[in-house]
Amino acid sequence: MGIAVVVGGGCSGVLATRELLRTGWHVVLVDPGARPGRGLAYSTAAPWHLLNAPAAAMSADPDRPDDFLRWCRLRDPATGPADFVPRSWYGDYLTELLRTADEIAQGRLTVQRGRVARIFEPSGSGGPLTVLLTDDVVIPADRVVLALGHPAPATPARLDAAAARSGAYVADPWRPGALDALPEGPVLLIGTGLTAVDVALTLSSAGRRDLTAVSRHGLLPQAHRRPGTVPPVAAAEATIEALPELLAAGSAARVLRTLRRLAAETGDWRAVFDALRPHWDTLWQSLPEPGQHRFLRHLARHWEVHRHRMAPAVADGMTALRDSGALRLRAAELCGIEATDQGVRVVLRERHGGAITAPVYSAVVNCTGPGRIVESDPLVRALVAEGMARPGPYRLGLDTDPHGALLRRDGSAHPALWTLGPIRRGVLWETTAAPEIRAQARALSTALGDPGRDRAAVAECVDS
């Protein structure tokens, strides 16, 4: 009997579990939540928390691209392929997928509530593993799949200890009840990405009308095209024709110039980005290390606001907030956060002109989005310290081989430790959305193969 332990019950964990059950593994899914399938992204129930992709793009089944759309139409027959449905729907969908997979597996799935503290190698040779939970539950495993999802936001630099301890600073806006008891007065959101969008809409719905969002560039995500708007076919065709030019560019600057030219010639930058989506990882890996560094330093934020877009209705809500004066954007560098008798003083250096200001806010909310898992997750830190894993490029995630097997400190692929999803960022660039994760889950189950195979054959497959 082959036992695979999947650590994490969000989208990555559910999709990995489903695929492993399909290929005959006995799976123990370990998750601290009471309802696996929700994760961080899909546990929210507010009506303005919409998926950031249309329903037609969100199937969890590689063999049935319209699976989620068909599921949505059972709930609301009027749902169209380009519609943006509530994120809570996707959580319901993943929960149902897991339940169905459990029924088909006939006793091969165990859901264990808890957190993994350590993973041990009793033999020290890459053989079977022992998974230890924080409550001392011990699980033997032939394979372990880390499906950890997004890490918690990183702590801002120069955060005063007194401010961090005060109720005026919110380290993680997704913690249940984190936004319910903020002091009255102006609120600063650190970050202007999708997390800040959700927080701004949540606070404004509660009657807050003095919000400021700050980031180095001061850029909000762009909006998706509205349902019913058909992208020009010529834009996608021109982009694919330009793919060899992009892959041979050799520098971030040349890639940027080509993308700008394509957007100008086709008149639809969204179609350009969408056509390139299956090729982003190849494009990322085609850049030499200096080019990747330059991209991360100068272009990553511009890429993010065009790639990770707002649903049209959400964009309309943000426009209304800005037009009413309830939300202001600032492009500035965060230089310090300190507690005062009046609230929290935030020292900012304006991006344009360099002027330094120190406004006082009643509350500050960290909306910077996911941090770096190598620094923030205790389990990952332990794996790295013990040499069972190593940080990936630019410490954005963990290092893996092309199949998702973790690379050990010496660079060899671990035959029993695997991963998928956001934790592979750095080796891959496009690895955080459902379409990419479902493909990784299928590839993972193929790489692990039949659990009845001889372990030596599996190790030989991984090392090849």
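The structure presented is a predicted model; accordingly, all values stated were derived computationally and were not measured.
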Does a side-chain heavy-atom distance below 4.5 Å link [X] with [Y]?
| X | Y | value |
| --- | --- | --- |
| P128 | P140 | no |
| L29 | L98 | yes |
| L129 | V5 | no |
| T130 | P122 | yes |
| V380 | I423 | yes |
| F295 | V255 | no |
| I373 | L148 | yes |
| T368 | T195 | no |

Tell me whether [X] contacts the main-chain N or O of [Y] through its side chain, where contact means a donor paired with an acceptor under 3.5 Å.
| X | Y | answer |
| --- | --- | --- |
| R301 | L219 | yes |
| D142 | A4 | no |
| D281 | W429 | yes |
| W25 | R108 | no |
| R425 | G392 | no |
| Q222 | H306 | no |
| T400 | A405 | no |
| R409 | A385 | yes |
| N366 | A154 | yes |
| R113 | P32 | yes |

Atom pair [atom1]/[atom2] of [X] and [Y] - distance to nearest 0.5 Å:
| X | Y | atom1 | atom2 | answer |
| --- | --- | --- | --- | --- |
| L15 | L20 | CG | CG | 11.0 Å |
| R390 | L383 | CZ | CG | 14.5 Å |
| L182 | R208 | CG | CZ | 5.5 Å |
| L69 | D83 | CG | CG | 8.5 Å |
| E430 | R277 | CD | CZ | 5.0 Å |
| W174 | D198 | CH2 | CG | 4.0 Å |

So which heavy atom on [X] is nearest to which on [Y], and how close?
| X | Y | value |
| --- | --- | --- |
| A16 | V145 | CB-CG1, 4.4 Å |
| A313 | L50 | CB-CD1, 4.2 Å |
| A57 | P435 | O-CG, 3.2 Å |
| P221 | L194 | CG-CD2, 3.7 Å |
| R73 | P81 | NH2-CD, 3.6 Å |
| R216 | R297 | NH2-O, 4.1 Å |

Sub-6.0 Å ring centroid separation between W280 and W303 | yes
W89/F84 aromatic ring centres below 6.0 Å | no
Which pairs with one or both residues in residues 93-107 pass side chain to side chain donor-acceptor pair (under 3.5 Å), sequence neighbours excluded?
->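 Residue pairs with at least one partner in residues 93-107: D67-Y93, W71-E96.
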After noting the C-alpha distance and the side-chain angles of L398 and V374, does the key distance pass the side-chain contact (heavy atoms from CB on, under 4.5 Å) rule?
-> CA-CA 7 Å; L398 290 179; V374 177; 4.1 Å; yes
Going through the distances and angles, do H308 and T432 end up as a side-chain contact (heavy atoms from CB on, under 4.5 Å)?
-> CA-CA 10 Å; H308 299 291; T432 61; 3.9 Å; yes
If the condition is side-chain hydrogen bond (donor to acceptor under 3.5 Å, both in side chains), which residues does [X] pass it with, not counting sequence neighbours?
| X | result |
| --- | --- |
| E19 | R22, R442 |
| D66 | none |
| R18 | D61 |
| R75 | D92 |

Begin from the C-alpha positions of V85 and M58 and carry the test side-chain contact (heavy atoms from CB on, under 4.5 Å) through to its verdict.
-> CA-CA 11 Å; V85 301; M58 294 297 289; over 6 Å; no
So V28 and V131, side-chain contact (heavy atoms from CB on, under 4.5 Å) or not? Walk me through it.
-> CA-CA 11 Å; V28 180; V131 178; over 6 Å; no
Residue list, side chain to side chain contact (heavy atoms under 4.5 Å, CB included) with T319, at least two apart or on another chain = D323
Audit row: S412, D410, side chain to side chain donor-acceptor pair (under 3.5 Å) steps and yes/no = CA-CA 6 Å; S412 63; D410 63 6; 2.7 Å; yes
